[in-house]
Every structure is written in C-alpha cells, then in structure tokens.
Protein chains: 2
Amino acid sequence: MSPTHEVPDGKRPTLADVAARANVSTALVSIVIRGTKGASAATRERVLQAAKDIGYRPDTRARLLRSHRSRLLGVQFELQSAFHTDLVEGIYAAAEPAGYQIALSAVAPSRSEQQAVDTLLADRCEALILLGPQAPAARLAELAAQLPVVSLARRLRASAGNVEVVRTADEEGARQAVDHLVALGHRDIAHVDGGRAPGAADRRRGYRTAMVRHGLAAHVRVLPGGLTEDDGSAAARTLLTTRPRPTGVLAFNDRCATGLLDTFLRAAVPVPGGISVIGFDDSRLARLAHIDLTTVGQDIPRMAALAVGRAIARLDGEPADEPAPGTETVIAPHLITRGTTAPPTTA
Amino acid sequence: MSPTHEVPDGKRPTLADVAARANVSTALVSIVIRGTKGASAATRERVLQAAKDIGYRPDTRARLLRSHRSRLLGVQFELQSAFHTDLVEGIYAAAEPAGYQIALSAVAPSRSEQQAVDTLLADRCEALILLGPQAPAARLAELAAQLPVVSLARRLRASAGNVEVVRTADEEGARQAVDHLVALGHRDIAHVDGGRAPGAADRRRGYRTAMVRHGLAAHVRVLPGGLTEDDGSAAARTLLTTRPRPTGVLAFNDRCATGLLDTFLRAAVPVPGGISVIGFDDSRLARLAHIDLTTVGQDIPRMAALAVGRAIARLDGEPADEPAPGTETVIAPHLITRGTTAPPTTA
DNA sequence: GAAACCTGAGCGTGATATGAA
DNA sequence: GTTCATATCACGCTCAGGTTT
C-alpha cells in the first residue's frame, strides 16, 4: 500500500537526508556519491547503503548549477528522420563513455529549430550538435560565437566561421555510384535529386562531374526528387514515360530509392533486370532483405563519434577568447553492392 | 571577430548582470522575465532591453531548482520507432501550451529503459510518460509510487496499481479489420502477429474472436511475425507456399504489412487482386501514395494529448499520500480503407 | 491601500579551507 | 605527511516579507 521507499515528507531525498541517516556531513556524502577519494571504505559503504535505503538520486540540476561544467551536449535532430535517429543513437554511444550527457531537442512540424535550440541553451548545454540544420549560416555562426557548435551532415561555407562541420563526402559518394554503374556497362544513367536537402547539391554535382568524366555528358539527366518515398515514386512515374528510358538511376537517398523500386515493380519493370537503382545512406531500409538495395553507405557511427569528438575537443581547447577556425571533417562514403544493380540488358 | 554579445567574462550573463545594467534588483529582473506583475511598464521595458543587450537567457536548471515545481514531463521513447516519434511530436504539441516542458530520453540498442528512466529521474521530472515500456509491471508500479507514470500504448494489468494507461483498443481494431474483410467476402483470413510487442496479444485475440464470431474458426491462422518489414516479408514467403492460400491478411502493424506487400508483389501475387492486406497504426508509411495501405488507424495526436492530460491531472490532483488507482484510457481505433483490400477473386 | 521596488533566505549540490586522527 | 571528515560558501534563481512612494 505504501510506497517502496521511505520518502521523508513526500519530497525526494537529498544529500542531507542521506547524511542524517548515515551520521555524516553532506559534504562527505557528496564525496561518496561522486566516487571521489576522501572517504574510508567503511563509511563509503555505510553512506551508499543509506542512500540506497531511502532511494536517493543526485539532482542533476543542483549538481550542474554548482559545478561550472555541465558536461551536457545539446543535440537537435529531426524526429521524423530515420537517418537522424540513427545518428542520435551513435551520439549517445559516443558521449556517455566520454562522460558527457545528452540533452535531446526535437524538430518537428510543430516545433522549429529556433525553439529546439532555445531550450538547449536554457538547459546550459556546453556545446551543440545540430543534425542537418536548416538555419541560415549566419545564424549558426552567431551561435558558434557563444558556444561550440557542430553541424552534422550539413556542409557550410567557410564564411560560417567558427562552426565545426562533420559530413560525408557526398560528391565522392555520387561519383562512386556512377562509377559502379558505368563499370557494369550502363551509359544512360539518371539522377533523382534531393532538392534543397542537405547534401543534395553535392550529390548532384558529384553525379554530373562523374558522368562528364566518363564521356556521358549527353546522358546527364537530373529529375526533381526529394527525401521521401513519394518523391521517388513520382520520379519513377516520370521515368517510365521517358524514351529512351535510362538503364540506371541514382536516387538522392534510400527512401527515395525505395519509392522508385516500388513503382518500377508495380509497372512490371524488373529491378535490376530492367533498370538498376542505387540509393544513398545505407539506412536500415536498404538492408531489409526484400529491398536489398545497392547504396552509398554513410558511416553513421563514425560520423556520430566524430561529431561528439569535435565538440569535446572544442570544449577542452580554447573556450571563447581565441576562437579556432571552424574545422571540416569529411568522411569517406563507400559503395555497398547489393541486389538492385546489374549490367544493363541490351535491348 | 569578437562574439556578438557582450559576455562579461566568458561566462553567460545572469540575472545579476541584467540587474546591474538596468540599475534594479535581481528580484525585479526575475519578475520582469517571468512576466509576473509587480513592475512598471517603464522599468519592464528597460530591463528587457538590458537583457536583450547582453544576450541573457534564463537558466532552466537554477530556475527549477528554486521553484518546487519543475513543470517537466519526462518522455521515454524508442528512437527507431516511427510510431513513437509521431507520439513524441504530439506530446510536444500538447505539453507546451499547457505550460509544461518535455525532457526526452531515448531507448536504443545501446541504451536501456533503465538508463532512460534514470536520467529522467535525475532531471527531476514531475511525471513520466513511457512509450510502449517493456519493463515489468512491478517495476512500473514501483516507479508510480514515486511520481505519476503514464504507460502509453502498453496495456497493464490492474495489479500495476498506480500506473496510468493510455492505449488504443487493439482488440477492437483487429475486429474491425476482420469485419471489413468478411464484409468484402473473404473467409480465409490469416493474421501475422507481433509476438511479444505491446498490443500484439490484444490484436491476436481480437482477430481470433472476430473470426470465431463470423463462424470462421476453422480458418483461424496466426503466423509468427514481428514489428519490422523483414518479419512481414518472412511471413509472406510462408504464405506463398501455403495451400489453400488465404485471400486476406491482417498484419501486426504497417511496417509488417509493407514487408508482406513487397514480397507478394515480387512473387507476382497482385494486391489486392490476388490477396488483400491490412496494416495497423496508420503511420506515414501507410499513407504513402504507392503503398496506399488499408489499415487500422490509431489516433496518435489524441493519444499523445491524453497521455499529457492524464499526467497533468495527476500532478494537479493528490500528489502522493492518497494515490488514486491507475486509470485506463482506451481510445477507439478506426479502419481506414485504402487500396490494398478488395473482394476476393473466386478461383 | 495599492503599486513599485528591494532585501534576504534558501533550493541541492560541489569546491575550498580547515581541522582531527 | 597522509587520510578522513566537516563547516562554509557559492552557483542562479524564486519567493516571502519588508520598505518606500
């Protein structure tokens, strides 16, 4: 009937409560809880037992208020993006061993980036890791004047001064995809692009230059696409009515590629028999057995770890007076060959 | 070159800094910042200007430490579940107008529910909203003895005393799906289940009882499935080798249904021509133009709003001394008819 | 008496200084 | 000198109570 733990008053137990129960000072309890040296093994055990008895938990707020370092990394991400949630998972994995906590702040249709960042700042995060931020570069630079800011998966011009950038070499990834198709014998290769999405411009450029380098400038064809399955599906319907139909397509990302696949399938255009399709990201989607998508892989755990690493490096380095120029960390993508690419069938 | 805002020392500006600049006391600044009455319009403006000048932002932690109410709702969710991220979005939307903040804590392969809850408790959340929690009911009951706990989308026995439950009537949803197929003329209807996932048992039971009620007990067939596309795909492969093959399938959720669809498609079994498929959730996936999945819709915004509402109701009601029994709020699902169901073709 | 403002205390910690074994 | 323990203050803020117009 009664609660499991003996809560003195209905309030949560504090250091003082533990101290009273263990007959020591609050300072000593603090020492024991933090695991610092300065307490004998005997009292240590006694204090820990007392803490356990009354269900004591340290109060993060009070703790962070007192210690000037918060060891808190603020992470802004898009709730709906599987790519982002994968990155967040990697960020957790990288931050906790390094002794940093994560404060999540989501961006959604009903919640702007501005709101997301505001709450992170109010929570006194020491650094910000922004996933594919859409905010203007100037705004990011302004933020970066206040605290270390890492832009993950969005490229920024050097003019965005102090912002750290961690991203995949999108241009190179698109090149690898085109090279792969060309090596298989394809010549007529289209690209369904990502519009204004982060990375889209680079991938488009990578596609173009690779085509040109292979002497296929005449076959360059960029279709307006986007990030979602619907975008891919729409582009596929366009492609189906096109003559001559390309024998290979590079999609902006895996979701877009999935839309392509599905629509081709319904139109009885076999993949890869009738047309080859390549995605981008190597998301969970691409790995699904029935999708089995050839794709340009981004090394998500590594990107996440590097983002955390850069943020921490900034924190350990010079704090604000002598701002180091923003560094750009570019990670190589790698093509993952699966079942949606094959040599073209000579018609 | 220098930061935009004049930061006194490299530290962030505090109430005292604003007070000094506006020539008032910190208490008055506090009043102005919070928008409480007790300051003249003139000083109000002067203080706000000063705050803006030096880029002051209230420190949530200090603020919450002092005021006994934290107005913080802790939300535990699964990073990889689109259903969960949709709910989170709804929770944000419901909480902020009510004057509550959200603290997110993710569950991922590398991060347990225990860890997720621990950080929420350390952050002094006033109540917990747990999305599809897998923890044992006893553990949840223990938590609920300390603070209001809402289990969203997971049913709990009455024995889990104090826990609030907000969920969809899964059994009823499955019934609606079966009714729809039967009305179309189907008799041989299979169910690909969700194993131990939250809601799976109820949906299984709903399917069974509905089949029996229609006099189709002989056709009851439950295939082991799961939450992912791969699970659906595997079940589809089983179904393809089954004679007689069912003419309709109810999948555990939309992802599972998508796996079914895709595999049927590849096997040249048209949907809904050769077989009808129904999903569950009405996730973004189901609405995609090229999927166009008939599905049992869960009212996600409403579930989110109700979860927040129940948590707040608990906070406004009796705090701990006289624990009210856990309430169960059950939301009706509704079938959404799209393009994957049709009358069976008589072979 | 109200409106506008200030003073002082304390929320739960962590760090420093200091003392006792 | 080292180990163990304590007292005291400060972190940034809110709130109760007081003072002045």
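By convention in this document, chain letters (A, B, ...) are assigned in the order of the sequence lines, proteins followed by strands, and residues within each chain are numbered from 1.
The CZ atom of A:R124 sits 15.0 Å away from the CZ atom of A:R69 when rounded to the nearest 0.5 Å.
You'll find that the side chain of B:R66 is closest to D:dT14, out of C:dA15, D:dT14, D:dA7. Nearest nucleotide to the side chain of B:L65, out of D:dC13, C:dG8, C:dG12: C:dG12. Set against C:dG14, D:dT14, C:dT13, the side chain of B:L15 has D:dT14 as its closest nucleotide. Considering only side-chain atoms of B:R63, the nucleotide from D:dT6, C:dG12, D:dT14 that sits closest is D:dT14. Picking from D:dT14, D:dC13, C:dT7 the nucleotide with the shortest atom distance to the side chain of B:R34 gives D:dT14. For B:V24, the listed nucleotide lying nearest its side chain is C:dC6; candidates were C:dG12, D:dG12, C:dC6. In this structure, the nucleotide among D:dC13, C:dT13, D:dC15 sitting nearest to the side chain of A:T14 is C:dT13. Checking D:dA7, D:dT14, D:dC13 against every side-chain atom of B:Y56, the shortest atom distance belongs to D:dC13. Ranking D:dC13, C:dA15, C:dC5 by closeness to the B:S40 side chain, first place goes to C:dC5.
No contact: B:R44 has no heavy atom under 4.0 Å from any strand. B:R61 comes within contact range of no nucleotide atom at all, as no heavy-atom separation falls under 4.0 Å. Note on B:A39: only backbone sugar-phosphate atoms sit closer than 4.0 angstrom, heavy atoms only; bases stay farther off. Backbone-only engagement by B:L28 is indicated by non-hydrogen atom pairs under 4.0 Å involving sugar-phosphate atoms exclusively. Backbone-only engagement by A:T43 is indicated by non-hydrogen atom pairs under 4.0 Å involving sugar-phosphate atoms exclusively.
Proximity of A:S30 to the phosphate of C:dT13: no side-chain N or O atom is located under 4.0 Å from OP1 or OP2.
Taking atom CZ of residue A:R71 and atom P of nucleotide C:dG14, one finds them 13 Å apart after rounding to whole Å. Atom CG of B:L64 is separated from atom P of D:dC15 by 11 Å (rounded to the nearest Å). Between A:K37 atom NZ and D:dT2 atom P there is a gap of 10 Å when expressed in whole angstrom units. Computed from coordinates, the A:R69 CZ to C:dA15 P distance equals 12 Å when rounded to whole Å. Across the protein-nucleic acid pair, B:R124 atom CZ and C:dG12 atom P stand 8 Å apart, rounded to whole Å. Taking atom CD1 of B:I31 as the reference point, atom P of C:dA4 lies 10 Å away to the nearest angstrom. A straight line from CG of B:D17 to C1' of D:dC11 spans 13 Å, rounded to a whole angstrom. In this structure, CG of B:L72 is placed 20 Å from P of C:dC11, rounded to the nearest angstrom.
The residue among B:S25 and A:A16 whose nearest nucleotide of DNA chain C is located toward the 5' end is B:S25.
Looking at B:D118 and A:R57, a side-chain N of the basic residue comes within less than 4.0 Å of a carboxylate O on the acidic one, giving a salt bridge. The residues A:E113 and A:R139 are annotated as not salt-bridged, no charged nitrogen and carboxylate oxygen being separated by less than 4.0 angstrom. A salt bridge is defined here as a Lys NZ or Arg NE, NH1 or NH2 lying under 4.0 Å from an Asp or Glu carboxylate O, and B:R111 with A:E96 meets this definition. Between A:R71 and A:E126 there is no salt bridge, since none of the side-chain N atoms of the basic residue sits less than 4.0 Å from a carboxylate O of the acidic one.
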Q) Hey, mind stepping through A:S30 and A:R34 against side-chain hydrogen bond (donor to acceptor under 3.5 Å, both in side chains) and telling me if it holds? A) CA-CA 6 Å; A:S30 172; A:R34 280 175 294 143; 3.0 Å; yes
